[in-house]
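Just so you know, these numbers use all the heavy atoms, side chains as well, and skip hydrogens, waters and symmetry mates. To find a chain, count down the sequence lines: A is the first, B the second, and so on, and within it residues start at 1.
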2 protein chains.
Amino acid sequence: MADTKDSILNASERLFAERGFDAVSLRAITTAAGVNLAAVNYHFHSKKQLLQALFTRGVQKLNRKRIALLDAYEAEHGKGPVPVEKLVRAIIEPMFDITGSLSKDSKTFSMLLGRMYSTPEVRLDPAMLSDIENFGKRFEPALRRALPGVVPEDLYWRSFFAIGATAHTLASSQLLQNLSYGLCNPDDRETTLKKLTAFIVAGLKAGSGIKQKKAGKTGTNRRGK
Amino acid sequence: MADTKDSILNASERLFAERGFDAVSLRAITTAAGVNLAAVNYHFHSKKQLLQALFTRGVQKLNRKRIALLDAYEAEHGKGPVPVEKLVRAIIEPMFDITGSLSKDSKTFSMLLGRMYSTPEVRLDPAMLSDIENFGKRFEPALRRALPGVVPEDLYWRSFFAIGATAHTLASSQLLQNLSYGLCNPDDRETTLKKLTAFIVAGLKAGSGIKQKKAGKTGTNRRGK
DNA sequence: GTCTATATGGGGATAGAC
DNA sequence: GTCTATCCCCATATAGAC
């Protein structure tokens with residue numbers, strides 16, 4: 001049985017993901033976790049630091065899985081570059097996998113993660129920072145090799161956009177079902193992953209075949225200005 | 001001159017965008033607006049409905065501009081389809097333009113809009129709904145024509161991802177500056193637009209038809225399931 | 001480590017004079 | 001329409017017994 005601390009983490013992960021940080025009171029958390037109200041402040045010192053701990057735990061789990069996938073792919077491809085498709089997959093797939101500790105709801109932390117990017121309450125603590133650095137050190141070179149035609153600046157831009165698409169998918173996938181009049185089913189994990197990966201890969205590769213979009217040649221993209 | 005109601009709208013637009021809905025008190029709003037505390041409830045009945053009004057006002061402004069742009073592009077292209085690039089541009093560009101009523105800060109509503117998608121407090125009121133419908137009725141056919149190779153289901157998926165990329169850019173562009181160690185400058189509006197448009201267009205077109213994306217050796221795009 | 005009880009403060013909303 | 005004063009609730013956080 002999870003001890004008090006873990007119960008709190010698991011309950012708050014779910015609640016924050018569902019309702020957002022401000023909308024969830026400590027009372028709601030402790031009730032859901034079956035622990036005493038004062039336990040949160042005893043174990044985490046404050047509500048903010050609880051959120052902090054939550055993210056740190058989640059991001060670490062996440063990056064461990066990502067790097068494991070990358071390791072596998074790199075082994076598979078020997079000295080050649082790992083194709084972009086697989087790199088994107090390695091980064092994104094774990095975000096749709098994380099089960100927190102509740103086996104029934106598979107998307108709790110992912111939803112929370114989707115919210116994180118627009119959650120100013122979260123500050124990067126040292127543990128999380130070093131974790132993110134490790135992640136970057138592993139994936140950046142791999143991406144560079146896989147996309148030799150994309151200059152570093154663009155690689156940042158595009159990765160940033162990719163994060164946005166992913167975060168939005170994690171946080172608001174329900175919206176898609178409405179917008180598409182039921183045509184798209186975001187609860188189908190594998191389909192979602194496939195569509196998202198295809199979109200991101202295309203965006204990352206954009207125009208990397210032949211022409212650069214720098215001033216000079218206008219190529220197919222005529223800007224009427 | 002802005003009357004009380006508008007002062008409240010403008011002040012709250014800025015504050016909500018900067019700090020988020022819950023983090024901004026009515027007292028902060030009325031102080032910033034230079035009006036009395038009770039004025040908010042007098043004019044908007046509640047804090048939630050203030051947010052509502054804010055979104056309705058913003059979305060209407062936004063869609064008016066978008067449709068005007070589309071009109072212009074369609075006139076320009078006669079009976080032929082408007083290229084995807086321009087459609088994307090017509091949708092996205094106004095989001096980076098909106099100045100609210102504060103001439104000095106150009107991104108207030110846009111940032112707020114970026115947050116909206118993960119803001120459960122917002123419910124679509126009738127005015128906003130009909131507005132969004134008009135928007136869809138104008139742009140959906142145009143997109144279909146511009147992307148004949150993309151099945152409707154995928155068009156929804158991809159538009160959804162595009163929204164995510166855009167929202168993220170609007171809401172957290174500051175993040176990019178850090179992630180890229182200063183290499184990318186998200187305050188440069190025109191560059192941001194160009195990069196974002198290129199990314200989205202590539203994602204929308206992904207694997208459609210023949211004419212684009214030859215990424216050399218990794219171009220093994222196994223389609224079909 | 002866990003609980004009860006409480007301190008302390010801020011929040012949204014309103015009543016009612018002007 | 002605008003203001004003052006206030007109500008009342010609910011939040012986080014802590015003190016101190018067990």
Side-chain angles (χ1 to χ4, degrees), chain A residues 1-58 101 112 115-116 118-123 125, chain B residues 1-58 101 108 112 115-116 118-125:
Chain A
M1 192 59 168
D3 65 353
T4 300
K5 208 167 164 177
D6 280 324
S7 303
I8 292 172
L9 283 172
N10 296 335
S12 57
E13 178 171 285
R14 183 171 56 78
L15 290 171
F16 285 155
E18 284 170 5
R19 307 185 208 164
F21 181 72
D22 297 286
V24 177
S25 68
L26 291 181
R27 284 169 176 79
I29 292 170
T30 51
T31 300
V35 304
N36 186 272
L37 171 62
V40 170
N41 281 298
Y42 177 77
H43 286 286
F44 298 96
H45 184 59
S46 79
K47 190 184 177 186
K48 264 188 195 175
Q49 285 176 62
L50 163 62
L51 184 65
Q52 199 71 266
L54 207 49
F55 272 116
T56 302
R57 180 182 79 157
S101 304
L112 181 56
R115 281 179 188 260
M116 174 178 70
S118 45
T119 302
E121 288 89 352
V122 181
R123 297 225 310 187
D125 78 348
Chain B
M1 214 46 189
D3 63 355
T4 301
K5 209 168 164 176
D6 279 325
S7 303
I8 293 172
L9 283 172
N10 295 334
S12 57
E13 178 171 286
R14 184 171 55 80
L15 290 171
F16 286 156
E18 284 171 4
R19 308 184 206 163
F21 181 73
D22 297 284
V24 177
S25 68
L26 290 181
R27 284 165 177 84
I29 292 170
T30 51
T31 300
V35 304
N36 186 271
L37 170 61
V40 170
N41 281 299
Y42 177 79
H43 286 284
F44 298 96
H45 185 60
S46 77
K47 189 184 177 187
K48 264 188 196 174
Q49 285 176 62
L50 164 61
L51 184 65
Q52 200 71 265
L54 207 49
F55 273 117
T56 302
R57 181 183 77 156
S101 304
T108 54
L112 181 56
R115 282 180 189 262
M116 176 179 69
S118 44
T119 302
E121 287 89 351
V122 181
R123 297 225 310 188
L124 309 176
D125 77 349

Non-neighbouring partners of B:Ala39 that pass side-chain contact (heavy atoms from CB on, under 4.5 Å), sequence neighbours left out: B:Thr4, B:Ile8, B:Val35, B:His43
If each end axis of the helix from C:dG1-D:dC18 to C:dC18-D:dG1 is fitted on five C1' pair positions, the angle between them, to 10 degrees, is 0°
Could you tell me the separation between the NE2 atom of A:His43 and the C1' atom of D:dA13, rounded to a whole number of Å? 16 Å
Report yes or no: does A:Asn10 contribute a side-chain atom to a donor-acceptor pair with the main-chain N or O of A:Glu13 at less than 3.5 Å? no
Check A:Leu9 against A:Ser12 and note the closest heavy-atom contact, atom names and distance. O-OG, 3.1 Å
B:Leu51 has an atom CG; how far is it from atom P of C:dG11, in whole Å? 17 Å
Listed partners of A:Ala32 passing side-chain contact (heavy atoms from CB on, under 4.5 Å), at least two apart: A:Ala11, A:Arg14, A:Leu15
Test the B:Lys5-B:Tyr42 pair against the cation-pi criterion, namely NZ or CZ under 6.0 angstrom from the six-membered ring centroid and within 45° of the ring axis. no
Kindly write out the residues that satisfy side-chain contact (heavy atoms from CB on, under 4.5 Å) with B:Ser46, not counting sequence neighbours, or none if the list is empty. B:Lys48, B:Gln49
Check the phosphate of C:dT4 against A:Asn36, side-chain N and O only, distance under 4.0 Å to OP1 or OP2. Yes or no? yes
Test of understanding: with side chain to side chain donor-acceptor pair (under 3.5 Å), list the residues that count as partners of B:Thr30, not counting sequence neighbours. none
Could you run through nucleotides 12-18 of chain C and give me one letter per nucleotide, 5' to 3': B if any protein heavy atom sits under 4.0 Å from the base, S if only the sugar-phosphate is that close, - if neither? BBB----
Taking CZ from B:Arg19 and P from C:dG11, how many angstroms apart are they, rounded to a whole number? 11 Å
Within the structure, does a side-chain N or O atom of B:Thr4 lie under 4.0 Å from either OP1 or OP2 of D:dT2? yes
Indicate the atoms forming the closest heavy-atom contact of A:Lys47 with A:Asp22, along with that distance. NZ-O, 4.0 Å
